[in-house]
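In what follows, chains are A, B, ... by sequence order, proteins preceding strands, each numbered from 1. Because only heavy atoms are used, hydrogens play no part in the values below, and waters and symmetry mates are left out as well, while side chains stay in.
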Amino acid sequence: MLLLQLLINGLQVGALYALTAVGFSLIFGSTKVFHFAHGSTFTIAGYVFYWLYSIAHLHWSLATAAAAVAAVAFGVFMDRCVYLPIKRHEGSYFTVFVASFGAAIIVQNAIGIVFGRSFISVSTPLSASVELMPSLFVSPLSGIAIVCAVVFFLALQVFLMRTNVGVALRALSENPELVRVFGMNPRRLSTVVFALGSLLAVPAAILTSASAGLNPAIGHHVMLISMAATIVGGVGSLRGAACAGLLLGMAENLALLWFPPQWTDAVSFIVLFAFILFRPTGFFGRPVAS
Amino acid sequence: MLAYLLNLATLICINAILAVTLNFILGYAGIFSLAHAIFFGIGAYVAAYMGLTWGSSLLAVLPVAMAVAGALSLVLALPALRVRGEYFVAASLGLQMLGLTVFAEWKSVTGGNSGLSAIPPARLFQQELDGPYEALGLAAGCLLAIVAVTSVLLKTSFGRNLRAVRDSESAACACGKNVAAIKTLSVVVSSALAAVAGVLYAFYLSFINVESFTLDTSVQLMAMIIIGGVGTVLGPIVGAVLLMVLPSLFSYLPFLPQTEVGSIQQIVYGLAMVLLMIYRPGGIAGVARQGVK
């Protein structure tokens, strides 16, 4: 029974990881920006929702919309005001990474000052768990998380496959020069990518705040998972990132059968490490090994 | 006031050692490690454990701490050999998280979250080094020695190989360089030297716990060398001085609430990192536009 419980929890957590990881992978795959502040997007969305829903008592749909606006605004701001000026004079990953990392530190501490450093959680009517079978507790949020992940992922796939902008985005990841030759504006496309990628973190952040809770430092954990999922899934493959996010969530929860909960980060690391050593190309996608 | 300045100077020396050793792999070999605080921690825990069980003779503790950190750094070297750049950052971030969990959970050796206290001061040739001047002298001496060692290493063919690997791994490989060996060796050297800072830290403070070896420490070290200037001899030291002196200035500003000083410091580091990367990626001591490829 414990196994079943952990499987269900793993599925829920994994679905949320998959959403954030796909957002990160989308940004990295098409713009080549290692957006370390993606974890901050997650934190911002979660805290905006918490603030409006739990403290200001707004309707959940308004709070969700505001969280989405905040996340997209932050992503686009980072692209326009930080990455773009850097890429204009120097393209090295190192410079972009450091700036992104600096932004993540600012967000984490600013949120810590405003909301405190301890865990907060949003209680919603859906948060309460129901006992489905003896000692098997499932909250409606698990179902919502899985449905959300599937819906968002399918919508993204349709967008990338069927719309002109989507096709241009895929072209951007293959060959930015060619995109420019065809008269499209890579800068505008990169804004779209950042907006989309940041948007994908919103449902994950809100559902996490309602189930496990948030703290300002959660961005690092989200980032580790997103990076690990991108590598484990195979760089450039959104499908891979989604599967890997699911795998990491499951691994984290199933590990509770043998290890105490403090070891969750360690489990993600071991999965990542095993993939780097034994299958650096990930599930699908291009090799990352030198 | 004098005691305060001596304390600050000693801590600056210890942090400068860490910054110099991190710069050795980041600035010259292009290996971007977020796990440096772990090797600092390994040095500190080895020193504390040996000091509490057998005695605190530096001549015994230093080699053991360096050997342990060097051996464990092979774990970091493994992914460094397989993947480049961004992917290695993920691996080292994971290692930092894993190391911290081990420090917090291996209670019989590390004392868990409450840490280890009453560590005896360092001894050198039967002489206890417990005064503030002795501690500063020891830390400054070690810093000089480590700057000398790394500078000499960088002047040899090994140093040239390192830079070759940083600038173009494929070209270095094509020239018949053993890229794997060069990278592994640089990681081992850097981690072993970082452990020296850990040993000094544990003996100097006589108390350590996991708080000193978190991701925040790794980030702060990175900020030091980035703000100071990556890939320069002076950069990490300038960065260490700046980032150690600034906090004390912040705590003197009367309009800042005392409880938020730590966060405000971090925000300033973050802001400095963002703005420097936009306007001056080479850092303060670096020549303009001398970033890592």
Over 12 foreign heavy atoms within 6.0 Å of CZ, A:Phe115: yes
Region of B:Val268 that comes under 4.5 Å of a non-hydrogen atom in chain A: neither
Heavy atoms from other residues, nucleotides or ligands near OH of B:Tyr279 exceed 12 (cutoff 6.0 Å): no
Top of A:Ser100, A:Ala104, A:Ala99 for chain B proximity - count of heavy-atom pairs under 4.5 angstrom: A:Ala99
Non-hydrogen side-chain atoms of B:Thr101 and A:Phe269 separated by less than 4.5 Å: no
CH2 on A:Trp263 to CE on B:Met97, rounded to 0.5 Å: 14.0 Å
B:Gln220 CD to A:Ile105 CD1 distance, which is reported to the nearest 0.5 Å: 9.5 Å
Portion of B:Gln266 that has a non-hydrogen atom of chain A nearer than 4.5 angstrom: both
Smallest separation among heavy atoms of A:Ile231 and B:Ala90, with atom names: CD1-CB, 3.8 Å
Beyond-backbone contact of A:Arg117 with B:Ser263, side-chain heavy atoms, under 4.5 angstrom: yes
B:Leu34 side, atom CG; A:Phe36 side, atom CZ - distance, nearest 0.5 Å: 6.5 Å
Toward chain A, the part of B:Leu95 with a non-hydrogen atom under 4.5 Å: both
Partner chain A: residue of B:Asp216, B:Ile264, B:Ile267 with the largest heavy-atom pair count (under 4.5 Å): B:Ile267
Exercise: identify the closest heavy-atom pair between A:Met227 and B:Leu93: CE-CD2, 3.4 Å
Distance in Å, B:Leu215 CG paired with A:Leu224 CG, rounded so as to fall on 0.5 Å steps: 10.0 Å
Value rounded to 0.5 Å, distance of CZ in A:Phe101 from CE in B:Met277: 12.5 Å
Value rounded to 0.5 Å, distance of CD1 in B:Ile278 from CG in A:Leu84: 10.0 Å
